[in-house]
S.K.: 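Encoded as structure tokens, here's the structure I'll be asking about.
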Amino acid sequence: MPELPEVETVRRGIAPVLEGARFIRADARRPDLRVPIPENFSKALVGKRVRRVGRASKYLLIYMEDGLVMILHLGMSGKITLYNETGGPPPAPAKHDHLHFETDGGITMLFNDPRRFGLVVFSDEVTLDQHPLIAPMGPEPLANGFNSVYLTEQFARRKAPIKNILLDQKVIAGLGNIYVCEALYRAGVHPVRPANQVTEKETAALTSIIRDVINEAIAAGGSTLKDYAQVDGELGYFQHRFRVYGREGELCLTKGCKSEIERIVQAARSSFFCPSCQP
DNA sequence: CGGCCAACCTGTGCGC
DNA sequence: TGCGCACAGGTTGGCC
């Protein structure tokens, strides 16, 4: 499911109810997700206060008062659902509800992930930057280190299709299949172009387009949070209008363009593009 | 190291 | 109605 904007939306949704609250329950209902769930999962969390809810790329970071950091990834199908005790008793855990939390503030938080590509592991706050999941990642689109000089440099030494390079979390952290398709469409760059053949001008445009796409998606997520805030429900999966993703066979939305959106498969993922607008 | 592919899982939707 | 297949928003490990 989630790329950086969706994870940021989840973070904003859970931060207000978790920060300052104490876990009175933390159960792992199976031994593993993509990787084993820590043996001491419950013991390490119960009775402790959450200091802050952060995010690094697509990873949620729950900072505990004692320096422990719970790293959560939603994989492809992960969802977090919050229930408030004022809405009645929380439901019995359903199928694929793998993690079950309760806070002293009367909040139940469930992590549901049918495909189990998600994960939960622990780290120490002081060594978080060196954590094997965190350390290898490139800059996020909204970070200072992400600029056209950096991107030009990265493209220059890679001949793989630009689509693959933009999906590489070591190059840019946070983009996934949808937003890569959207960014390439807006930039007018065909997804199979070798990265080292993308011009500096195109790279400069792409840099700011990637920021735009991510900023707009975060804003769209924020607007869904407003509706969400009142009621119990799922976080992170919001309907956003895409200009090219998922629109195979439909008319290109560029004014005056009469072409149909095409779909090809790259690196075992679907790429959607307009053959006229993305030469 | 760069690049490519298979693998990890389950659910859903579509064509026959 | 049932069956089989294609596909799904992510990441990694192994191989050349």
Side-chain angles (χ1 to χ4, degrees), chain A residues 1-11 29-37 55-60 71-80 94-99 111-121 131-138 140-141 153-185 191-197 210 213-214 216-218 220-221 224 234-249 261-272:
Chain A
M1 161 184 76
E3 304 181 31
L4 186 156
E6 289 76 18
V7 178
E8 174 61 16
T9 301
V10 174
R11 190 196 69 75
R29 304 171 47 77
R30 54 172 296 124
D32 59 321
L33 294 169
R34 199 175 84 214
V35 302
I37 295 170
R55 180 187 58 72
S57 184
K58 305 175 190 176
Y59 294 96
L60 282 169
I71 303 176
L72 270 169
H73 194 286
L74 302 178
M76 291 275 267
S77 56
K79 290 187 180 78
I80 285 179
K95 204 176 179 185
H96 306 309
D97 281 343
H98 306 309
L99 304 178
F111 174 86
N112 182 290
D113 183 12
R115 292 178 75 180
R116 276 185 271 131
F117 289 168
L119 64 80
V120 58
V121 293
H131 191 280
L133 291 173
I134 306 292
M137 293 194 296
E140 296 194 14
E153 206 175 87
Q154 290 292 316
F155 287 173
R157 55 190 191 83
R158 314 280 208 116
K159 65 179 198 326
I162 187 166
K163 164 83 187 294
N164 302 31
I165 302 304
L166 293 178
L167 277 177
D168 187 342
Q169 304 299 299
K170 294 194 277 303
V171 177
I172 309 172
L175 295 183
N177 203 33
I178 290 180
Y179 296 116
V180 167
C181 289
E182 294 296 308
L184 287 173
Y185 172 71
V192 307
R193 294 253 306 275
N196 61 9
Q197 285 173 32
I210 287 170
V213 163
I214 294 300
E216 288 171 28
I218 290 174
T224 69
E234 264 170 20
L235 269 174
Y237 194 164
F238 54 86
Q239 282 308 335
H240 188 47
R241 263 220 149 26
F242 304 122
R243 297 188 194 171
V244 71
Y245 183 85
R247 298 192 65 248
E248 182 183 16
I261 300 303
E262 293 182 9
R263 182 179 79 91
I264 57 173
V265 175
Q266 296 178 271
R269 321 287 305 273
S270 288
S271 294
F272 299 88

S.K.: Please determine, for dC5(B), whether a Watson-Crick or G-U wobble partner exists with both distances under 3.5 Å, and give it or none.
M.R.: dG13(C)
S.K.: Separation of Q154(A) atom CD from dC1(B) atom P, in whole Å?
M.R.: 14 Å
S.K.: Checking all strands, does L133(A) fall into the base, sugar-phosphate, or nothing category for heavy-atom contacts under 4.0 angstrom?
M.R.: sugar-phosphate
S.K.: Answer yes or no: is there a donor N or O on one side and an acceptor on the other, between the side chain of E3(A) and the main chain of G174(A), under 3.5 Å?
M.R.: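 Looks like no, no N/O pair under 3.5 Å.
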S.K.: Using a cut-off of strictly less than 4.0 Å, decide whether S270(A) has a side-chain nitrogen or oxygen near OP1 or OP2 of dA8(C).
M.R.: yes
S.K.: Report the nucleotide, chosen from dA8(C), dG10(C), dG3(B), that has the shortest atom-to-atom distance to any side-chain atom of I165(A).
M.R.: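 Closest nucleotide to the I165(A) side chain: dG3(B).
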S.K.: Which residue lies toward the 5' end of DNA chain B, R34(A) or H96(A), if each is placed at its nearest nucleotide?
M.R.: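 Here R34(A) is the residue nearer the 5' end.
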S.K.: What distance, rounded to whole Å, do you find between the two P atoms, one in dA7(B) and one in dA6(C)?
M.R.: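 It comes out at 15 Å once rounded to the nearest Å.
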S.K.: Whole-Å distance between dC7(C) C1' and I264(A) CD1?
M.R.: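 In whole Å, dC7(C) C1' lies 16 Å from I264(A) CD1.
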S.K.: If you only use heavy atoms from C-beta on, which nucleotide in dA8(C), dT12(C), dC8(B) is closest to the side chain of Y59(A)?
M.R.: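 In terms of side-chain proximity for Y59(A), the closest of dA8(C), dT12(C), dC8(B) is dT12(C).
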S.K.: Measure CZ/R116(A) against C1'/dG10(C) and give the value in whole Å, please.
M.R.: 15 Å
S.K.: Return the nearest nucleotide to the side chain of E3(A); candidates are dG11(B), dC9(B), dG10(C).
M.R.: dG10(C)
S.K.: dG2(B), OP1 or OP2 - any side-chain N/O from R157(A) closer than 4.0 Å?
M.R.: yes
S.K.: Using a heavy-atom cut-off of under 4.0 Å over every strand shown, decide if R158(A) touches base, sugar-phosphate, or nothing.
M.R.: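 Result for R158(A) = sugar-phosphate.
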S.K.: Measure from CG on N196(A) to P on dC1(B) and round the result to the nearest Å.
M.R.: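 After rounding, the reported distance stands at 20 Å.
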S.K.: So, is Q169(A) close to the dG10(C) phosphate, meaning a side-chain N or O under 4.0 Å from OP1 or OP2?
M.R.: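 No.
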S.K.: Quick one: L33(A) CG to dT12(C) P, roughly how many Å, whole number?
M.R.: 15 Å
S.K.: Would you say dG11(B) has OP1 or OP2 under 4.0 Å from some side-chain N or O of R115(A)?
M.R.: no
S.K.: Could you check whether K95(A) gets within reach of a base, just the sugar-phosphate, or nothing at all, counting any heavy atom under 4.0 Å?
M.R.: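 Sugar-phosphate, no base atom in range.
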S.K.: Where does the angle between the aromatic ring planes of F242(A) and Y179(A) fall among parallel (under 30°), tilted (30 to 60°) and perpendicular (over 60°)?
M.R.: perpendicular
S.K.: OG1 of T9(A) to CD1 of I80(A): how many Å apart, nearest 0.5 Å?
M.R.: 12.0 Å
S.K.: Specify the separation, in whole Å, of atom CD1 of I178(A) and atom P of dC7(C).
M.R.: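 From I178(A) CD1 to dC7(C) P: 17 Å.
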S.K.: Verify the contact: side-chain N or O of K58(A) to OP1 or OP2 of dG10(C), cut-off strictly under 4.0 Å; return yes or no.
M.R.: yes
S.K.: Check the distance between dC5(B)'s C1' and N164(A)'s CG and give it to me in whole angstrom.
M.R.: 12 Å
S.K.: Round to the nearest Å and state the distance from L72(A) atom CG to dG10(C) atom C1'.
M.R.: 15 Å
S.K.: Could you give the distance from CG (L175(A)) to CD (Q169(A)), rounded to the nearest 0.5 Å?
M.R.: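 These two atoms lie 7.0 Å from each other.
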S.K.: Just verifying a value: how many Å separate Q266(A) CD and L167(A) CG, rounded to the nearest 0.5 Å?
M.R.: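 Atom-to-atom, Q266(A):CD and L167(A):CG are 8.5 Å apart.
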S.K.: Let's see if you can work this out: which of dG10(C), dG3(B), dT10(B) has an atom nearest to the side-chain heavy atoms of K159(A)?
M.R.: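 Looking only at heavy atoms from C-beta outward on K159(A), the closest nucleotide is dG3(B).
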S.K.: If we require ring centres under 5.5 Å and near-parallel planes under 30°, does F117(A) stack on dC8(B)?
M.R.: yes
S.K.: Provide the distance between the two P atoms, one in dC9(B) and one in dG4(C), to the nearest whole Å.
M.R.: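 One P to the other, the span is 22 Å.
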S.K.: Using a 4.5 Å cut-off on heavy atoms from C-beta on, say whether the side chain of L184(A) contacts that of F272(A).
M.R.: no
